[in-house]
Amino acid sequence: MAGDDGVVVSVAERVRRGLDDASAGERLVARALLANYPAAGLETAARLAERAGVSAPTVVRFTARLGFPGYRAFQQALREEIEARRASPLTLGRHATEGSPRVAAAEVYRQRMDETFAALSDPELDRVTDLLSDPARRVTSVGGRYSHILAEYLDLHLRLLRPGTRVLDPKPEAMGAACVDAGRKDVVVVFDYRRYQRDIVSFARAAHARGAKVVLFTDPWLSPAADSAELVIPARVEAPSPFDSLVPAMALVETVVAEVTARLGQDRLRRIEEISGDVTID
């Protein structure tokens, strides 16, 4: 559903954003929903209340706080999210356009970029920058079939700026070894967009269970890995073609790189020069 500013925000993201202002009972409902999202929300209000250990009226107040006129409207929003999550090139089709395809595509991408950056808050960006700039933390990036490109792109920049970064080969043995080695000093950056990959989600959850901080780049409908993420950075993915776009997500990655570069300061420029071979190392 759309937020007050017209930007599409998933129910899960609304829940996450509202936790600080929720009552104790509403927080219990939120945790019960996120722990089994979105299936728990498709149950009756009484059943969700039982899961959370609260009363049914508390569940109704919780959905009202999220901006829904009633529990049925809340469930309808969840059903629409499920349909959006399942979208594929076969179901999306190609958008019919009138006039110049170039002009139509430019309008789509401008809109998606505006919506993506409207959903990104400065505190979220600062927290991501803090984690990726901390030299005491090892940074591991991983993505899915297509989004692995973003993981590689992020790591190519981070390795110029600081030591202790790597991009993970998304093979079972590599991800298994990375999980075993993960700990509280690790930051795991995960890229997972709709039609979410089970192995990527499982890896994020396993890394979180071992104490790693998980930063998730995903879409507005949220990968299931969101339940294990310290930070969730959504990007719009709709495109003029039947295939989802990574353009807004790439812009977010470049924004993060710019902030990390600024945070680490001028000393890192010499590191970049040395790695690039512009400075002779005795």
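Side chains are part of it too, since the values below use all heavy atoms of this structure and drop only hydrogens, waters and symmetry mates.
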> Do you know which two heavy atoms are closest between P170 and D199, and how far apart they sit?
Replying inline: O-OD2, 4.4 Å
> Would you call R51 and E43 a side-chain contact if the rule is heavy atoms closer than 4.5 Å?
Replying inline: yes
> Going hydrophobic residue to hydrophobic residue with side-chain gaps under 4.5 angstrom, can you get from L154 over to F117?
Replying inline: yes
> Got a second to check how far I233's CD1 is from L120's CG, nearest 0.5 Å?
Replying inline: 5.5 Å
> For the atom pair CZ (R194) and CG (L222), what is the distance rounded to the nearest 0.5 Å?
Replying inline: 12.5 Å
> What closest approach, in Å, do V260 and L158 show between heavy atoms, and which atom pair accounts for it?
Replying inline: CG1-CD2, 4.2 Å
> Taking the side chain as C-beta and beyond, is there a heavy-atom pair between V11 and P38 under 4.5 Å?
Replying inline: no
> Are side-chain heavy atoms of D219 and D244 found at a separation under 4.5 Å?
Replying inline: no
> Can you hop from V167 to Y193 via hydrophobic side chains spaced under 4.5 Å?
Replying inline: no
>> Which residues pass the side chain to side chain contact (heavy atoms under 4.5 Å, CB included) test with P57, not counting sequence neighbours?
In response: S55, R61
> Does the pair R127/E124 count as a salt bridge with the N-to-O cut at 4.0 Å?
Replying inline: no
>> Could you measure the distance from the OH atom of Y146 to the CD atom of Q197? Nearest 0.5 Å is fine.
In response: 10.5 Å
> Under a 4.5 Å cut-off applied to non-hydrogen side-chain atoms, are V237 and W221 in contact?
Replying inline: yes
>> Can a donor-acceptor pair be found, under 3.5 Å and without considering hydrogens, that links the side chain of R205 to the backbone of P224?
In response: yes
> So how far is it from L161 CG to R263 CZ, rounded to the nearest 0.5 Å?
Replying inline: 12.5 Å
> In the single-linkage hydrophobic clustering (I, L, V, M, F, W, Y; side-chain heavy atoms under 4.5 Å), do L28 and Y71 co-cluster?
Replying inline: yes
> If you measure from CD on E50 to OG1 on T44, what distance do you get to the nearest 0.5 Å?
Replying inline: 8.5 Å
>> Are the side chains of E254 and H157 in contact, using a 4.5 Å heavy-atom criterion?
In response: no
> Would a distance-only check, ignoring hydrogens and angles, find a side-chain to backbone donor-acceptor pair under 3.5 Å from T218 to D192?
Replying inline: yes
>> Quick check: closest heavy atoms across V214 and A204, and the distance to 0.1 Å?
In response: CG2-O, 3.7 Å
>> Count I, L, V, M, F, W, Y as connected when their side-chain heavy atoms are under 4.5 Å apart, and connections chain through other members. Are F203 and I149 then in the same cluster?
In response: no
>> Quick check against the 3.5 Å criterion: does S147 have a side-chain atom that pairs as donor or acceptor with the backbone of F191?
In response: yes
>> Looking at every non-hydrogen atom in both residues, tell me the closest pair between M175 and D169 and how far apart they are.
In response: CG-O, 4.1 Å
>> I'd like to know whether CZ of R79 has more than 12 heavy-atom contacts from other residues, nucleotides or ligands below 6.0 angstrom.
In response: yes
> Where do D181 and R210 land on the salt bridge (charged side-chain N to carboxylate O under 4.0 Å, His left out) test, with the steps shown first?
Replying inline: CA-CA 9 Å; D181 295 337; R210 288 186 170 269; over 6 Å; no
> Between Q75 and G41, is there a donor-acceptor pair closer than 3.5 Å when you use the side chain of the first and the backbone of the second?
Replying inline: yes
> Heavy-atom distance under 4.5 Å between the side chains of Y37 and V15, does that happen here?
Replying inline: no
> Could you give the distance from CG (L160) to CG (D155), rounded to the nearest 0.5 Å?
Replying inline: 9.5 Å
> So, R112 side chain and R236 main chain: donor-acceptor pair closer than 3.5 Å or not?
Replying inline: no
> If you group Ile, Leu, Val, Met, Phe, Trp and Tyr by side-chain heavy-atom gaps below 4.5 Å, do L42 and L33 land in one group?
Replying inline: yes
>> For G211, is there any backbone N or O sitting under 3.5 Å from a side-chain donor or acceptor partner on D186?
In response: no
> Would a distance-only check, ignoring hydrogens and angles, find a side-chain to backbone donor-acceptor pair under 3.5 Å from R166 to R159?
Replying inline: no
> For F62, which residues count as a ring-ring contact (aromatic ring centres under 6.0 Å, His included) partner, sequence neighbours excluded?
Replying inline: none
>> I'd like to check the side chain to side chain contact (heavy atoms under 4.5 Å, CB included) partners of A73; sequence neighbours left out, ordered by chain and number.
In response: F68, P69
> What are the two closest non-hydrogen atoms of C179 and A207, and how far apart are they?
Replying inline: SG-N, 4.3 Å
> Among L150, L132, V189, which one satisfies side-chain contact (heavy atoms from CB on, under 4.5 Å) with S141?
Replying inline: V189
> Between D134 and K185, is the closest basic N to carboxylate O distance under 4.0 Å?
Replying inline: no
>> Is it the case that atom CZ in R145 sees more than 12 heavy atoms from other parts of the structure closer than 6.0 Å?
In response: no
> How close do S245 and A239 get, heavy atom to heavy atom, and via which atoms?
Replying inline: CB-CB, 3.7 Å
>> For a 4.5 angstrom cut-off between non-hydrogen side-chain atoms, does L125 reach T129?
In response: yes
> Are the charged groups of E173 and K171 less than 4.0 angstrom apart, N to O?
Replying inline: no
> Less than 4.5 Å apart, any side-chain heavy atom of V59 and any of F74?
Replying inline: no
